[in-house]
Q: 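Here it is, the structure, as structure tokens.
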Amino acid sequence: MPLPVLNAAAYRFVSLADTAVVRERLFGHALALGLKGTVLLADEGINLCIAGPTAAVREWLAALQADTRFADLAAKESFSADVPFRNLVVKVKREIIRMNHPTIRPAAGRAPAVDAATLARWLDAGVDGAGRPVVMLDTRNAFEVDAGRFRGALDWRIGKFSEFPEASLAHRDDLRGKTVVSYCTGGIRCEKAALFMAESGAENVLQLDGGILRYLEEVGGRHFDGSCFVFDERETLDDALMPSRAPPRTHHPERSP
């Protein structure tokens with residue numbers, strides 16, 4: 001029997017000049033539907049994780065996508081027995097994922113991406129379609145990486161995403177001659193990361209489209225060891241996107257949907 005709670009995670013980089021208005025609309029509709037979770041808005045776009053009865057979540061997402069600015073927003077879905085959030089939070093922030101590099105504007109143009117199925121084939125072969133070695137680069141915080149990661153992935157042990165640019169510059173020479181695939185939970189951090197690396201002169205840098213969640217949904221756990229950390233009360237998901245049995249963590253230096 002299907003689990004009753006739908007968890008939807010999504011983001012979209014798009015220029016927003018009316019964040020306060022959008023915030024009131026989204027909060028009011030989610031509240032009326034009895035949904036819980038976190039929605040972040042900034043002039044660079046939207047980042048959300050929201051949960052509730054399946055029909056209610058899909059109604060809220062459909063209303064969001066009726067705004068043409070969010071029409072292409074693609075949610076990653078997973079199911080649970082209970083709502084893994086205690087409250088509904090919809091807030092306006094400076095960035096929907098903090099990097100502290102205002103010149104990185106994904107709304108102006110996405111970084112090149114690789115889809116899950118293609119990445120799995122590359123990892124099977126150890127090289128990309130052009131024969132270059134493939135290196136997976138984890139852009140998440142160290143405690144997330146500890147729960148699970150792509151086999152052999154680079155991990156620079158950052159404590160928060162705003163440390164990524166400095167780490168990337170320090171390790172730039174290690175990536176020469178390789179195809180680098182940056183990845184994160186749902187795609188938002190690795191999108192900014194890939195753009196920063198390209199801007200700073202790195203070659204052959206891609207992002208994993210949809211992040212780990214989309215990869216597990218479409219491919220399963222091939223090449224991924226452990227569980228995927230998520231920022232809600234489920235803590236970690238297995239390769240079927242179900243809450244795993246990994247021990248819970250109590251310290252989260254950087255919370256983010």
Side-chain angles (χ1 to χ4, degrees), residues 1-11 35-39 47-62 73-86 113-126 134 136-153 155 181-191 206-250 252 255-257:
M1 190 165 178
L3 294 172
V5 173
L6 172 59
N7 301 274
Y11 75 93
L35 305 181
K36 294 181 180 180
T38 301
V39 181
N47 185 16
L48 67 94
C49 286
I50 202 153
T54 298
V57 172
R58 289 193 170 143
E59 178 182 333
W60 186 85
L61 287 172
L73 181 142
K76 278 78 69 176
E77 296 186 352
S78 58
F79 293 86
S80 57
D82 303 298
V83 174
F85 299 98
R86 298 182 184 180
V114 59
D115 63 78
T118 300
L119 176 63
R121 290 197 302 272
W122 288 358
L123 293 178
D124 286 341
V134 175
M136 300 300 294
L137 172 60
D138 206 314
T139 67
R140 299 172 301 159
N141 304 327
F143 71 92
E144 299 172 78
V145 181
D146 290 343
R149 63 176 175 174
F150 280 96
R151 197 168 304 135
D155 165 26
V181 179
S182 66
Y183 74 90
C184 57
T185 307
I188 186 169
R189 283 177 283 187
C190 49
E191 181 152 353
L206 307 171
Q207 60 176 313
L208 173 56
D209 201 17
I212 299 168
L213 294 178
R214 182 73 74 208
Y215 183 92
L216 295 180
E217 178 184 350
E218 296 184 357
V219 174
R222 214 161 101 215
H223 302 289
F224 189 86
D225 295 329
S227 303
C228 179
F229 185 93
V230 289
F231 288 93
D232 59 54
E233 292 179 359
R234 295 171 297 171
E235 293 282 355
T236 55
L237 303 181
D238 63 19
D239 57 14
L241 297 179
M242 299 295 293
S244 73
R245 297 184 179 274
R249 296 176 177 269
T250 57
H252 308 302
R255 302 292 302 198
S256 173

Q: Checking the side chain of N141 only, and the main-chain atoms of E144 only, is there a donor and an acceptor separated by less than 3.5 Å?
A: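 Checked: no pair found.
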Q: Report all side-chain donor-acceptor pairs from residues 78-85 shorter than 3.5 Å, counting only partners two or more places apart or in another chain.
A:
{"unit_1": "S78", "atom_1": "OG", "unit_2": "R234", "atom_2": "NH1", "d": "2.8"}
{"unit_1": "S80", "atom_1": "OG", "unit_2": "N7", "atom_2": "ND2", "d": "3.0"}
{"unit_1": "S80", "atom_1": "OG", "unit_2": "D82", "atom_2": "O", "d": "2.7"}

Q: Are the side chain of S182 and the backbone N or O of L206 linked by a donor-acceptor pair below 3.5 Å?
A: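 Yes.
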Q: Between R58 and E77, which heavy-atom pair has the shortest distance, and what is it?
A: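 Closest approach of R58 to E77, heavy atoms only: NH2-OE1, 2.7 Å.
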Q: Quick one: closest heavy-atom pair of T236 and A147, and the distance?
A: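 Heavy atoms only, the tightest pair is CG2-CB, 4.0 Å.
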Q: Give, for atom CE of M136 and atom SG of C190, the distance between the pair rounded to the nearest 0.5 Å.
A: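 SG of C190 is found 9.0 Å from CE of M136.
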Q: At their closest point, which heavy atom of A51 faces which heavy atom of V57, and how far apart are they?
A: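 Smallest heavy-atom distance, with atoms named: C-CG2, 3.8 Å.
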Q: With ring centroids as reference points, do Y183 and Y215 lie under 6.0 angstrom apart?
A: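 No, too far apart.
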Q: So, taking the atom named CG in D232 and the one named CZ in R86, what distance separates them when rounded to the nearest 0.5 Å?
A: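 D232 CG to R86 CZ: 11.5 Å, rounded to 0.5 Å.
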Q: OG/S227 to CG/D146 distance, rounded to the nearest 0.5 angstrom?
A: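 If we round to the nearest 0.5 Å, S227:OG and D146:CG are 12.0 Å apart.
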Q: Taking all non-hydrogen atoms of both residues into account, name the closest pair between V181 and Q207 and its distance.
A: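 The pair with the smallest heavy-atom distance is CG1-C, 4.3 Å.
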Q: So which atom in P243 and which in D238 form the shortest heavy-atom distance, rounded to 0.1 Å?
A: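 The answer is O-OD2, 4.5 Å.
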Q: Can you give me the closest heavy-atom contact between L119 and L208, atom names plus distance?
A: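 Scanning both residues, the minimum pair turns out to be CD2-CD1, 3.7 Å.
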Q: When rounded to the nearest 0.5 angstrom, what is the spacing between CG in D115 and CZ in R214?
A: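 D115 CG to R214 CZ: 11.0 Å, rounded to 0.5 Å.
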Q: Under 3.5 Å, is there a donor-acceptor pair between the side chain of Y11 and the main chain of G187?
A: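 Yes, Y11 side chain to G187 backbone: donor-acceptor pair under 3.5 Å.
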